[in-house]
Amino acid sequence: MGFSEDNLIGFILALSSSAFIGASFIIKKKGLKRAAAASGVRAGVGGYSYLLEPLWWAGMFTMFVGEVANFVAYAFAPAVLVTPLGALSIIVSAVLAHFMLKEKLHKLGILGCVMCISGSVIIVLHAPQEGAITSVQQIWNMATQTTFLLYVASVIVLVFILVFHFTPRCGNTNVLVFTGICSLMGSLSVMSVKALGTSLKLTFEGMNQLIYPETWFFMVVVITCVVTQMNYLNKALDTFNTAVVSPIYYVMFTSLTILASVIMFKDWDSQSAGSIVSEICGFVTVLSGTILLHVTKDFERTPSFRGNYAPLSPSLSTRLCSGNGEVSKHDEEEVPPEDICLRRQELY
């Protein structure tokens, strides 16, 4: 199947978005370091001097540009193509960190980058072509078809169960609770973003869609879903290790978004079984590379201790340390004080 002009535009925008977002993390981190060096108070312990640092604001602007490019990409290309390409921002961030922040990229991390790129190429080459959309009402008809309404109802029910039943009981101990809420709401937010982006695209082309209430409904859904999504994502990041949250969230969010897009926009209806299998293989390759990058990113920072004390594994360090960074009492009794300090520094 040929690669349409709209798919090409969406691909370029998604690629640009990943580049900008990946670079923004590095720019902001350098800004945070510069602000901490100037004020002596790090952001992690309550400092806000970074708000006066131009480099940090440059990073925020870079991220904003990336998010806008990602928003527009959904107006041109299917979510099956755009969403998995978000993994490339991890590659950009890892490579720039290697050269600019001297955070060594492990050999397995390089393999993860190669896997992400290879999987993305497979997805791009086999991406479906969307049918022509001429009005927001056409998108509304897609959103109100029985199968998608069943999906939306299932998402809402699951979110309510997770929020009101599981969050009070195991939200702070099971990473799947918060990330599940984020991913479920995220799949609806992407569908609404795509609908809103397409409406704005048609409006700029001369077919005003702002006169239809459906356009404003999609905007309300976008705001609602994004606010909920960000709220619980922040809870997840504040409660659990980022290296655990990021890959799990990416896998669940991307999988549910592709599922929602296939149901609502019927991305796979016009494709052969071979193309669909190729896309799934490419998606699995990207997921595997993403997880490998997250798992191996801290390998080179594993602490080595004097004497016979072995370094802590990430899982063991998670069990031994509470949220405020305190090492368990048993560990402090057996390990010399100077080694405890070293461990605390390396863990955080």
Which heavy-atom pair separates [X] from [Y] by the least distance, and what is that distance?
{"X": "Ala236", "Y": "Thr179", "value": "CB-CG2, 4.4 Å"}
{"X": "Ala79", "Y": "Pro84", "value": "O-CD, 3.6 Å"}
{"X": "Tyr249", "Y": "Cys182", "value": "CE1-CB, 3.5 Å"}
{"X": "Ser120", "Y": "Leu88", "value": "OG-CD2, 3.6 Å"}
{"X": "Leu292", "Y": "Gly112", "value": "CD2-N, 3.7 Å"}
{"X": "Ser192", "Y": "Val222", "value": "CB-CG2, 3.3 Å"}

> With under 30° as parallel and over 60° as perpendicular, where do the rings of Phe178 and Tyr232 fit, or are they tilted in between?
Replying inline: tilted

Assigning hydrophobic clusters by single linkage (Ile, Leu, Val, Met, Phe, Trp, Tyr; side-chain heavy-atom cutoff under 4.5 Å), is [X] placed with [Y]?
{"X": "Leu55", "Y": "Phe64", "value": "no"}
{"X": "Phe253", "Y": "Ile21", "value": "no"}
{"X": "Leu184", "Y": "Met230", "value": "yes"}
{"X": "Phe204", "Y": "Ile133", "value": "yes"}
{"X": "Leu125", "Y": "Val114", "value": "no"}

Is the backbone N or O of [Y] less than 3.5 Å from a side-chain atom of [X], with the two atoms forming a donor-acceptor pair by type?
{"X": "Ser255", "Y": "Met252", "value": "no"}
{"X": "Thr285", "Y": "Met115", "value": "no"}
{"X": "Tyr151", "Y": "Leu259", "value": "no"}
{"X": "Ser93", "Y": "Ser89", "value": "no"}
{"X": "Trp57", "Y": "Leu51", "value": "yes"}
{"X": "Thr215", "Y": "Ile211", "value": "no"}
{"X": "His126", "Y": "Ile122", "value": "yes"}
{"X": "Thr224", "Y": "Val220", "value": "yes"}
{"X": "Asn7", "Y": "Pro128", "value": "yes"}
{"X": "Ser18", "Y": "Leu85", "value": "yes"}

From [X] atom [atom1] to [Y] atom [atom2], the distance as rounded to the nearest 0.5 Å:
{"X": "Leu162", "Y": "Ile181", "atom1": "CG", "atom2": "CD1", "result": "5.0 Å"}
{"X": "Cys116", "Y": "Ile291", "atom1": "SG", "atom2": "CD1", "result": "9.5 Å"}
{"X": "Leu81", "Y": "Phe76", "atom1": "CG", "atom2": "CZ", "result": "13.0 Å"}
{"X": "Leu256", "Y": "Ser187", "atom1": "CG", "atom2": "OG", "result": "5.5 Å"}
{"X": "Asn208", "Y": "Ser135", "atom1": "CG", "atom2": "OG", "result": "12.0 Å"}
{"X": "Met264", "Y": "Leu149", "atom1": "CE", "atom2": "CG", "result": "10.0 Å"}

> Going through the distances and angles, do Met219 and Ile223 end up as a side-chain contact (heavy atoms from CB on, under 4.5 Å)?
Replying inline: CA-CA 6 Å; Met219 182 178 294; Ile223 295 172; 4.3 Å; yes

Do [X] and [Y] have side-chain atoms, one donor and one acceptor, less than 3.5 Å apart?
{"X": "Ser189", "Y": "Gln229", "value": "yes"}
{"X": "Gln271", "Y": "Glu279", "value": "yes"}
{"X": "Thr257", "Y": "Thr254", "value": "no"}
{"X": "Gln138", "Y": "Thr134", "value": "yes"}

Below 4.5 Å, heavy atoms only, C-beta onward: do [X] and [Y] meet side chain to side chain?
{"X": "Ile248", "Y": "Leu176", "answer": "yes"}
{"X": "Val286", "Y": "Tyr250", "answer": "yes"}
{"X": "Phe217", "Y": "Val221", "answer": "yes"}
{"X": "Val136", "Y": "Trp216", "answer": "no"}
{"X": "Ser24", "Y": "Met60", "answer": "no"}

>> How about CZ on Phe71, more than 12 heavy atoms from neighbouring residues, nucleotides or ligands closer than 6.0 Å, or not?
In response: yes

>> Is it true that, when you exclude Phe20 itself, more than 12 heavy atoms of the residues, nucleotides or ligands shown sit nearer than 6.0 Å to its CZ?
In response: no

>> Set out, in order, the CA-CA distance, both residues' side-chain angles and the distance that settles side-chain contact (heavy atoms from CB on, under 4.5 Å) for Met142 and Phe265, then state yes or no.
In response: CA-CA 7 Å; Met142 297 178 184; Phe265 293 97; 3.6 Å; yes

>> Under the criterion side-chain contact (heavy atoms from CB on, under 4.5 Å), I'd like the reasoning laid out for Asn174 against Val177: C-alpha separation, chi angles, the key distance, then a yes or no.
In response: CA-CA 6 Å; Asn174 192 328; Val177 176; 4.1 Å; yes

> Do the two ring centres, one from Trp140 and one from Tyr212, sit under 6.0 Å apart?
Replying inline: no

>> Run Phe25 and Met63 through side-chain contact (heavy atoms from CB on, under 4.5 Å) and show every step you take.
In response: CA-CA 8 Å; Phe25 289 115; Met63 176 169 283; 3.7 Å; yes

Show me the donor-acceptor pairs within less than 3.5 Å that the side chains of residues 193-202 make with the rest of the protein, sequence neighbours left out.
from	atom 1	to	atom 2	distance (Å)
Lys194	NZ	Tyr74	O	2.6
Lys194	NZ	Ala77	O	2.9
Lys194	NZ	Glu130	OE1	3.1
Lys194	NZ	Glu130	OE2	3.0
Thr198	OG1	Lys194	O	2.7
Ser199	OG	Ala195	O	2.9

